[in-house]
Amino acid sequence: MTELARLSAAERRRIIADFVEDALDGVPAPVYRSGLLAVTPDLPDDPTPEQIGAWIELAALVREPELRAALHRLAEYSARTAPTAGEPRAARETDAAGEPGTVGEPGAVGEPGTGQEQAAVRVAELMRERGEAAVTAGIAPDSPAAEPLVAELIAAWIPTQSGTPDPPTEDGPAARARLLEQLETAAEPAVERYWQLLCTVTGRPAPPRWDTAGTWTAAALRAHLRPVGLDRSAFDGTDPDRVLYAYEQVARDVAALVAAVRPADLDLPTPCAGWSVRQLLDHMVWENLMATSIAEDDPRTDHTADHLGDDHVAAFADSARAALAAFTGSGMLHRAYGPYDAPGAMIVQQVVVELLAHGWDLARATGAPTGLAPQVAEETLAAARRIYGAAPRTEGSSFAPERAAPPGAGATDRLAAFLGRAPG
């Protein structure tokens with residue numbers, strides 16, 4: 001460790017150069033290679049402990065096969081998508097000023113400093129902004145509300161692809177598939193860590209994170225590979241008073257289920273793949289908290305935090321009480337939200353669908369009856385069909401493909417089957 005920290009600048013550059021040459025061996029991507037070599041880990045004369053620690057971690061990381069393989073894949077993509085004329089194009093690792101940037105940013109075409117590359121940077125910023133805003137607003141990537149955002153991003157991205165082989169000229173399956181490929185190619189955690197460490201070592205600003213927006217945008221593209229006009233009928237026909245009543249009924253019955261959950265039950269599996277009862281309860285509390293924050297015009301961003309604490313019963317009861325107060329006190333049921341002007345009543349209706357479906361999950365996990373909220377289950381199923389009926393059931397979707405409900409199944413069981421649960 002001490003010897004690594006004491007290496008000269010030339011020795012540090014040699015380590016990175018050898019790593020880059022080995023990782024990109026045999027790939028004809030000279031601009032990509034030069035972009036990697038342009039940023040070297042030059043420690044200042046008086047480095048901080050953080051900078052020394054970052055250099056030591058970086059020196060170990062460049063020896064990892066995972067990082068080398070990831071860079072090789074990115075270089076191959078760069079070579080394959082190079083412009084048909086002029087200098088080869090790279091999914092560049094540096095922005096117009098030579099500073100590290102987001103690996104494989106969407107639309108990264110052209111040479112540094114050109115108007116085309118600057119446009120690509122603006123597109124990447126737009127995607128990051130829209131994707132993060134969609135996550136914050138609770139817009140599911142496979143919901144009807146995601147389609148206009150996908151269309152907006154595609155329209156901004158297409159001009160950045162001129163000069164590439166067979167460039168897309170209009171929104172369609174080919175254009176959306178190409179952007180999805182770019183996003184999936186850029187999703188390399190090891191490479192992201194490499195650039196974070198380089199920035200720390202050299203004192204450069206850390207590159208903006210792309211993981212949240214990239215994950216959402218990729219999922220939205222998978223769900224909406226074909227452009228369609230937004231069916232605003234999914235937004236219509238929602239009676240605010242009836243939605244409020246439905247929320248009260250569903251929240252009451254789910255609260256009773258939550259109250260019956262014993263500490264020993266928290267580790268039980270649920271019909272939600274990979275989720276324990278505790279994780280399911282945390283998600284339901286989050287749904288209430290998120291809807292409350294939207295009503296209060298201050299959307300939350302702490303989706304991954306622990307929302308249960310030590311008392312899951314109190315956490316759910318408090319979140320449901322806060323949501324109900326926000327729905328009635330903020331005017332949410334009569335307002336519109338987001339760039340697609342979704343009625344607040346529909347957002348609350350989505351929460352009702354989520355709580356009833358996850359209440360069914362909880363009942364199945366704990367052996368309780370699944371016939372929840374019989375007064376409103378039928379209309380909640382109808383709302384789910386109206387809101388999600390046209391949504392594709394693809395990878396990254398909120399729900400699995402619809403299943404057949406058994407004969408005579410109640411409305412809540414049929415809702416579960418519609419949303420992809422096995423009702424038997």
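One-based numbering along the sequence shown.
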Aromatic ring pairing W286/H307, orientation class (parallel under 30°, perpendicular over 60°, tilted between): tilted

From R242 atom CZ to L333 atom CG, the distance as rounded to the nearest 0.5 Å: 14.0 Å

Verdict with reasoning, H72 to L24, per side-chain contact (heavy atoms from CB on, under 4.5 Å): CA-CA 5 Å; H72 196 88; L24 273 59; 5.5 Å; no

Heavy-atom closest pair, residues A345 and V243: O-CG1, 3.7 Å

Verdict with supporting geometry, M284 and L362, side-chain contact (heavy atoms from CB on, under 4.5 Å): CA-CA 10 Å; M284 289 195 288; L362 181 59; 4.1 Å; yes

Donor-acceptor pair, side chain of S319 and main chain of F316, under 3.5 angstrom: yes

Heavy-atom check, side chain of Q279 versus side chain of L266, under 4.5 Å: no

N288 side, atom CG; L355 side, atom CG - distance, nearest 0.5 Å: 5.0 Å

T370 versus D413, side-chain donor and acceptor atoms under 3.5 Å: yes

side-chain hydrogen bond (donor to acceptor under 3.5 Å, both in side chains) between R122 and T160, intermediate numbers included: CA-CA 10 Å; R122 288 194 295 271; T160 68; over 6 Å; no

Distance (rounded to the nearest 0.5 Å) between E378 CD and T412 OG1: 9.0 Å

Pairwise distance CG(L153) to CG(L221) - rounded to 0.5 angstrom: 8.0 Å

Trace of the side-chain contact (heavy atoms from CB on, under 4.5 Å) decision for F19 with Y194: CA-CA 12 Å; F19 154 68; Y194 173 80; 3.7 Å; yes

pair R421-R403: side-chain heavy atoms closer than 4.5 Å: no

Heavy-atom closest pair, residues A373 and D253: N-OD2, 2.7 Å

Evaluation steps, salt bridge (charged side-chain N to carboxylate O under 4.0 Å, His left out), between E147 and R226: CA-CA 10 Å; E147 165 59 30; R226 293 183 178 275; over 6 Å; no

Distance-only side-chain donor-acceptor flag, E354 / Q349, under 3.5 Å: no

Donor-acceptor contact below 3.5 Å, side chain R385 vs main chain L381: no

Taking every non-hydrogen atom, the tightest pair across G359 and V254: CA-CG2, 4.1 Å

D171 vs R176 side-chain heavy atoms within contact, under 4.5 Å: yes

Salt-bridge present (R222, E184; N to O < 4.0 Å): yes

Ring geometry between F327 and Y247 (parallel below 30°, tilted from 30 to 60°, perpendicular above 60°): perpendicular

Donor-acceptor pair, side chain of D318 and main chain of A315, under 3.5 angstrom: no

Shortest non-hydrogen contact between A246 and V376, atoms and distance: CA-CG1, 3.8 Å

Rounded distance [0.5 Å steps], CZ in R335 versus CD1 in I294: 11.0 Å

D310, CG atom: more than 12 neighbouring heavy atoms under 6.0 Å: no

Sidechain-backbone polar pair: H224 side chain, P141 backbone, donor-acceptor under 3.5 Å: yes

Reference residue W275; test side-chain contact (heavy atoms from CB on, under 4.5 Å); the match among D361, L281, T270, D282: T270

Sub-4.5 Å side-chain heavy-atom contact between S330 and E296: no

Whether D311 side chain and A314 backbone form a donor-acceptor pair below 3.5 Å: yes

Electrostatic pair R278:D267 at N-O distance under 4.0 angstrom: no

Non-hydrogen side-chain atoms of W55 and L197 separated by less than 4.5 Å: no

Close side-chain approach of L179 to P168, heavy-atom, < 4.5 Å: no

salt_bridge(R80, E181) N-O dist < 4.0 Å: yes

Under 3.5 Å: donor-acceptor pair, side chain of R414, backbone of A409: yes

Step-by-step side-chain contact (heavy atoms from CB on, under 4.5 Å) determination, Q161 to Q182: CA-CA 11 Å; Q161 300 304 290; Q182 284 191 9; 3.0 Å; yes

For L36 against L71, the heavy-atom pair lying closest together: CD2-CD2, 4.1 Å

Short N-O contact, E248 and R321, less than 4.0 angstrom: no

Separation between CD of Q51 and CG of L43, rounded to the nearest 0.5 Å: 6.5 Å

Stepwise side-chain hydrogen bond (donor to acceptor under 3.5 Å, both in side chains) check, H283 with E287: CA-CA 6 Å; H283 178 74; E287 289 285 345; 3.1 Å; yes

Over 12 non-hydrogen atoms of neighbours within 6.0 angstrom of CD in Q375: yes

Student check: side-chain heavy atoms of L180 and T217 closer than 4.5 Å: no

Minimum side-chain heavy-atom gap L244-L324 below 4.5 Å: yes

Heavy-atom closest pair, residues L183 and A218: CD1-N, 3.9 Å

